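Everything below concerns the one structure shown next.
Chain letters run A, B, ... following the sequence lines, proteins first and then strands; every chain starts at 1. What's counted below: heavy atoms across the whole structure, side chains too, no hydrogens, waters or symmetry copies. Please read all numbers here as calculations on a predicted model, not as lab measurements.
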Amino acid sequence: MSVDRSRLPALGPHPLFRPPGFRCSTLSNGVGVWTAAHHRAPVLTLRLLVGVGAADDPIDQFGLAALTADVLDEGTRDLTDVGLHVALSRIGAHLSVGVSSDATILTLTTLPKHAAEAMALLVDIAVNPRFDPDDCERVRNLRLNRILQTRQVPAAVADRVFIESLYGTHPYGHLAIGTELSLRPIDSSDLSAFHSRWYQPAGWTLVAVGGLSDDALLEIAKTELEPLSTVTPTVAICSGSRRKEPPPITDRLIFVARKDAVQSEVRLGHPGVSRASPDYHALLVLNMVLGGQFVSRINLNLREDKGYTYGARTAFDYRVGRGPFIFRSSVQTSATADAMREAIKELLDIRETRPPSERELAVARDALTRGFPLRLETATQVARVGTTLALHELPADEMDRFVERVMAVDADAVLAAARAHLHPDRLLAVVVGSTEDVLPSLGSLGLGEPALMS
Amino acid sequence: MQVAFDKQTLDNGLDVIIHVDHSCPIVAVNLWYHVGSKNEKPGRTGFAHLFEHLMFEGSEHHDDGYFSPLQEAGGALNGSTNADRTNYWEVVPTGAVERALWMESDRMGFLLPALTPEKFETQRQVVLNERRESYENRPYGMVPMVLMPALFPAGHPYHWLTIGEPEDLLAASFDDVQAFFRTYYHPGNASLVLAGDIDTREGFELARLYFGEIPPGPSRPSVTVSNTTVSGAPRLLLRDRVELPRLYLSWRSPRLFGDGDAALDLLATILAGGKSSRLYRRLVHDSRIATDVSVGQGSRELVGVFSIVATAAPGHSLTEIEAAITDELSQILNDGPHGDEVERSQATIESDFAYRLQSIGDFGGRSDQLNAYNVYFGDPGHFETDLGRYRMSDADAIQSAAQNSLTENERVALSVIPAEGDLLLGLFDSKPVDVAS
């Protein structure tokens, strides 16, 4: 038998795949526990979702939520910082703490045989942080050093200027790490106060996924979480501020000088949609066509056709409030204006003259739905999905309907979503690049006079 | 830890390895070619990686982008090149495994008819942009361009970087492409893993069907390795667009799976793995002269590189940092690590193994690891042996591996300081070097 190379092998039917199901419980003190047994590999992932994020930073203390989270693992009531990390390394555990605009998530990955100890350590870290003044100062200084260092990272500069300029005074208008000015005065008493106000177990959801039964996972969670006393958290009251409309932008084009830069970092975008948008699935399909994957229009144009860049992507950041829609690319200096012109043209075309074809839509839907099992292969991936669902207060069985919903997205729905949520006439553009080589060419983009920032 | 597999070698020399796991309806296709930048010729550096880009530009029977048929199948895919090997992988839903094999085999057997000078030119530009993005326009990005030549003087195939020199990339010709493909891209120089929702017999049958007709090529030309060594403890200084000075201390070290390789992995964990590690505590936690520290045993096929990297906190010099690192190292060299540290570093490495092997696909997942063992060791079933190396490396083994490799005379010290900064920020008596970007 030999291969028929005259055509590609047809694809089989859509994969029969039931996403791993979560079992959800609420403990007597209000803590939510989501479990999913997952036996593919000897791994257990625990993710503790605390509904406080950088959006909850007081306006004169940007960076407080992230610094608070960062100091959690610097020792607890009973364990010194070194003692805590010795205990974690003894069970080969990985602890990571992530703070986004919307939430704080503590992730602990370990082997299932260490489940009970890992759970106890995770809860100790979240509940009993020491907040020793000296440790707080040390960690704050490390974060100040990081801010200092990122001044020379063009991509980080572009992201910061973009977010600050796009959202202004909105709770999404600063990076989680904060600024040098806002971080410097923060001390341990601020962290303690922030922690006691926001880290109330009644607002938590623990997502536990891995090589143990649902019953065993729940039992371990109960042992550590149920005894915790709690007051009703303030989260529900304040998350409303995330849903405010971002203020209008003042400048359309912002230029940050980087002497002799061989590439320009480019950001284009505007406020996008919340995860709660009814157009969520249509936008997933739209973005696959526009700039969400290698074979999207924007990457094929800027990279594969023109060779301007190593890669160009667009993304909607689906948050509790309206997260940003962003085009991101690092393009060679001499092609900066041309690359931006092409990207803007793609945004216009897809909602006006060249809406997604039936073929493009079919490819995009298939990529999302046929590829669905790939995104739920490991315990770590499943746990991540669980935390996202819990954060957005979506049903635990939401993923059961993912394929059906994406398949139902038709050309009309995508075009309507593009017209409602892509605004090429209201773009904010940020360029970090060489003044001499780039700035003069930007005037022709129709975005107005460039505002110079640092 | 066991990753069960079966292996056969086809008549044309292609190794085929099947690993079965039906728990998720996906299959990983992972293909290694045993060629990397160490196989390049001087004056044509960066070629193996540039060539990897061309593998995504279409082949005779699918003269179009490589991504499209696989992304519409719901697949994920990528490729990478390092000094020793080039790998390509797809992870696809079960129903698309034949499509992935068709595509991989078409570019192994029939790449050249579809390659045009235009595609070549565009990808040359993409790679030059990759170099700008990942090295030239990034703080500390040019460091490898200084360190590797210092550790491996001219004549050694690790002298140059996989990304290559811009003038070499510009000099590469379309003829070079053809010769490179014929020499290295054939079944006898490749290893294929199918892992996941597939049965062993079916896997071998499909591999034979799609790859069996591709003729074997010449045997791989040997790589010449000069006998140069590092001596006289060179101290170099690079000015870069950075805010904080950073110190790089590097040594040549045991090769991948070589004697002392695992022990130095453990030492790296003891020195800088997590907040209970020795150097983190000394430099970042206690004295606060550094803002970060990392240590790694980067093992490669011919020889490894052990490196310690620390960034100075504002107001502190690299001289202070070097003194503290030297002091911590001498404690290891004189007394070895404590038993408890060794046990914890073993636990860390063992769990890292489990975390990485959760995935069947991707870089570092089960299929990639099976290929690594097969290509470098000739035996895909090396998991237990590999982990065993760590379990057997006790405090004495770590101490003697450190004594063997981390000698003062053979150390390369590189200070990176801000472009306008005072020379005193770097180590005393360092020789300024310049790298053209």
Minimum side-chain heavy-atom gap R90(A)-S276(B) below 4.5 Å: no

Heavy-atom check, side chain of Q149(A) versus side chain of D292(B), under 4.5 Å: yes

Closest heavy-atom pair and its distance - T378(A), S359(B): CG2-OG, 3.6 Å

Ring pair (Phe, Tyr, Trp, His ring centres under 6.0 Å) contacts touching residues 359-378 of chain A (sequence neighbours left out): F17(A)-F372(A), F372(A)-F402(A)

Any donor-acceptor N/O pair, E243(B) side chain to Q152(A) backbone, under 3.5 Å: no

Results of side-chain hydrogen bond (donor to acceptor under 3.5 Å, both in side chains) for Y310(A) - residues two or more places apart only: E130(B)

Any side-chain heavy-atom pair of M103(B) and L8(A) under 4.5 Å: yes

Pair E137(A) + R288(B): basic N to acidic O under 4.0 Å: no

Interface moiety of R258(A) toward chain B, non-hydrogen atoms closer than 4.5 Å: both

Heavy-atom side-chain contact between R303(A) and Q123(B) under 4.5 Å: yes

Lys/Arg N to Asp/Glu carboxylate O, K275(B) vs D81(A), below 4.0 Å: no

Minimum side-chain heavy-atom gap H85(A)-R344(B) below 4.5 Å: no

R370(A) to P93(B) - nearest heavy-atom pair and separation: O-CG, 3.3 Å

Most chain B-contacting option - heavy-atom pairs closer than 4.5 Å, from G92(A), A41(A), G12(A), P20(A): G92(A)

Residues Q358(B), T380(A); criterion side-chain hydrogen bond (donor to acceptor under 3.5 Å, both in side chains); working and verdict: CA-CA 9 Å; Q358(B) 286 189 83; T380(A) 307; 2.9 Å; yes

Short side-chain to backbone donor-acceptor contact, Q71(B) and V295(A), under 3.5 Å: yes

Heavy-atom donor-acceptor pair, R132(B) side chain to S330(A) backbone, under 3.5 Å: no

N137(B) side chain to A261(A) backbone, donor-acceptor under 3.5 Å: no

Within-4.5 Å side-chain heavy-atom neighbours: P314(B) and N145(A): yes

P139(B) vs V153(A) side-chain heavy atoms within contact, under 4.5 Å: yes

Any side-chain heavy-atom pair of R5(A) and E60(B) under 4.5 Å: no

